[in-house]
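Below is one structure, written out as structure tokens; comments come after it.
Values reported hereafter were calculated over all heavy atoms of this structure, with side chains retained and with hydrogens, waters and symmetry mates removed.
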Amino acid sequence: MTVPATSVGDREESAMSEARTASAPSPAAGGTGHPQPGRRRALRILVVVLAVGQPVSSLVFDWLSPTTLQSGAEFSPIVPPGAWFAVWGVIIVLSIAWALAQVRPSTIIAATGIRDRLAGPMAVVYACFALWLAAASLGQENPAGLAVFLVIIAAHVIAWMRVVTARDEIASWNPLERGLLYGMLGTYSGWTSMAFFVQIATVTQGSGAAVDTGWGITWQALVLAAATGAAVGFVAVSRGSIVYAVTVAYALVGVGLSTAEAGLTALWITCIAGVSIVWASVVAVRVLDARHPAPAARSTSTRGRAL
């Protein structure tokens with residue numbers, strides 16, 4: 001008996017379909033191109049652990065460190081007054097609040113979102129908090145802390161780049177979570193990017209460099225100029241973050257107060273110039289974006305870019 005050709009064709013097509021189904025990766029196995037939800041959830045939980053670890057490591061430092069952190073003009077003209085460092089309390093609270101917000105089960109979906117893409121760099125930042133304290137226990141003039149700050153700054157640059165490319169997604173969040181993200185990232189990156197240059201000054205001073213001579217004023221002015229340049233770079237990367245600019249201005253005002261107390265007029269004038277340049281760059285970036293919005297950002301609401 002002859003088998004009809006159509007029957008043979010049907011069986012061949014059915015067999016090929018089954019083979020394709022068997023070889024296709026299943027969503028449960030992570031075959032959609034996105035990391036498994038379990039892995040992404042674990043990374044977000046790690047972010048929470050490291051964020052909470054920041055105040056814990058600070059307490060450990062206070063208990064066990066053989067040295068104490070110094071501040072103000074009596075220590076170094078470019079180190080802000082002690083009260084200025086209360087900003088760390090704000091940074092840590094925002095860090096923990098953001099970490100808890102991004103670990104909510106309702107935010108862990110099949111597709112990889114900006115919360116997942118931020119988990120890696122922010123985990124590095126939070127872990128480096130403890131590493132910097134460990135370096136500081138060897139003395140603020142120890143250059144080991146500079147290496148830690150470089151890692152923190154690099155992680156913040158990556159985070160900001162990812163945030164800017166995900167403006168549409170972030171604009172769809174509720175205002176509280178959106179504010180937590182921009183507030184945490186702006187204050188953390190603003191303060192640490194300036195703290196890096198403050199430590200450059202303390203390391204240089206610790207190596208024996210004068211601070212109140214003509215050369216001393218010159219090299220400190222160069223450090224402040226470099227800090228201003230780095231801040232302008234961050235403003236460009238963040239596309240004019242207001243929170244970042246406010247935090248940088250806060251840091252430079254603190255430096256200006258210390259330099260004024262030390263009687264170094266040229267340096268506090270440099271700080272004022274730095275604040276002006278940073279805010280001018282914010283205005284320039286925002287005006288430029290308003291006139292020539294990037295294709296991916298044209299549909300982004302104003303409220304999503306406000307911070």
Side-chain angles (χ1 to χ4, degrees), residues 21-57 90-131 151-190 192 237-239 241 243-244 294-307:
T21 302
S23 61
S26 66
T32 60
H34 301 285
Q36 296 181 24
R39 292 182 183 176
R40 291 187 279 119
R41 182 181 297 109
L43 181 55
R44 294 203 203 180
I45 291 173
L46 177 62
V47 171
V48 176
V49 172
L50 293 173
V52 174
Q54 293 178 114
V56 173
S57 60
V90 176
I91 292 171
I92 290 173
V93 168
L94 289 174
S95 298
I96 295 174
W98 163 251
L100 294 174
Q102 58 90 49
V103 82
R104 289 173 297 147
S106 61
T107 66
I108 303 175
I109 58 179
T112 301
I114 183 59
R115 296 179 184 88
D116 299 301
R117 295 194 292 275
L118 286 176
M122 295 320 301
V124 170
V125 169
Y126 299 158
C128 282
F129 180 91
L131 290 178
V151 175
I152 292 174
I153 291 171
H156 276 140
V157 170
I158 293 171
W160 270 119
M161 292 174 67
R162 294 178 179 180
V163 163
V164 168
T165 58
R167 280 176 172 176
D168 288 339
E169 178 185 345
I170 296 170
S172 68
W173 295 357
N174 65 73
L176 176 59
E177 188 171 9
R178 193 166 59 241
L180 280 176
L181 173 59
Y182 286 124
M184 179 275 299
L185 195 54
T187 54
Y188 216 137
S189 60
T192 52
V237 171
S238 67
R239 306 317 301 164
S241 168
V243 179
Y244 177 85
R298 283 180 182 143
S299 63
T300 303
S301 64
T302 303
R303 63 175 184 168
R305 300 190 296 126
L307 299 177

V243 vs M184, test: side-chain contact (heavy atoms from CB on, under 4.5 Å). Steps then yes/no.
CA-CA 9 Å; V243 179; M184 179 275 299; over 6 Å; no
Would you check, one step at a time, whether the test side-chain contact (heavy atoms from CB on, under 4.5 Å) holds for Y188 with W98?
CA-CA 12 Å; Y188 216 137; W98 163 251; over 6 Å; no
Quick one: do T107 and R44 satisfy side-chain contact (heavy atoms from CB on, under 4.5 Å)? Show the steps, please.
CA-CA 11 Å; T107 66; R44 294 203 203 180; 2.7 Å; yes
Trace of the side-chain contact (heavy atoms from CB on, under 4.5 Å) decision for Q36 with R41
CA-CA 9 Å; Q36 296 181 24; R41 182 181 297 109; over 6 Å; no
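Atom CD1 of residue I108 and atom CD1 of residue I45 lie 7.0 Å apart, to the nearest 0.5 angstrom. For the atom pair CD of Q54 and CD1 of I91, the computed distance is 9.0 Å after rounding to the nearest 0.5 Å. Here T192 contributes atom OG1 and H156 contributes atom NE2; the two are 5.0 Å apart, rounded to the nearest 0.5 Å. Note that OG of S57 is 7.0 Å distant from CD1 of I92, once rounded to the nearest 0.5 Å. Atom CG of L185 and atom CG of L94 lie 11.0 Å apart (nearest 0.5 Å).
Between W160 and Y182, the angle of the ring planes stays under 30°, which puts this pair in the parallel group of the 30/60° scheme.
Nearest heavy-atom pair, A111 versus D116, reported as atom, atom and distance to 0.1 Å: O-OD2, 4.1 Å. Taking all atoms of both residues into account, the shortest heavy-atom contact from A51 to A99 is CB-CB, 3.8 Å. The heavy-atom pair separating A123 from L50 by the smallest distance is O-CD1, 3.3 Å.
Legend: residues meeting side chain to side chain contact (heavy atoms under 4.5 Å, CB included) with A155, ordered by chain and number and at least two apart, are P121, V124, V125.
The one candidate from R162, M161, R167 that meets the side chain to side chain contact (heavy atoms under 4.5 Å, CB included) condition with V164 is R167. Each of V47, V163, I158 was compared with L118 under the side chain to side chain contact (heavy atoms under 4.5 Å, CB included) criterion, and only V163 meets it.
Salt-bridge annotation for R178 and E169: absent, with no side-chain N of the basic residue lying under 4.0 Å from a carboxylate O of the acidic one.
Remark: the backbone N or O of N174 is not paired with any side-chain donor or acceptor of E177 at under 3.5 angstrom. Looking at S241, its side chain never comes within 3.5 Å of a backbone N or O of S238 through a donor-acceptor pair.
For R115 and W173, the positive end sits near the middle of the six-membered ring, less than 6.0 Å away and at most 45° from its axis.
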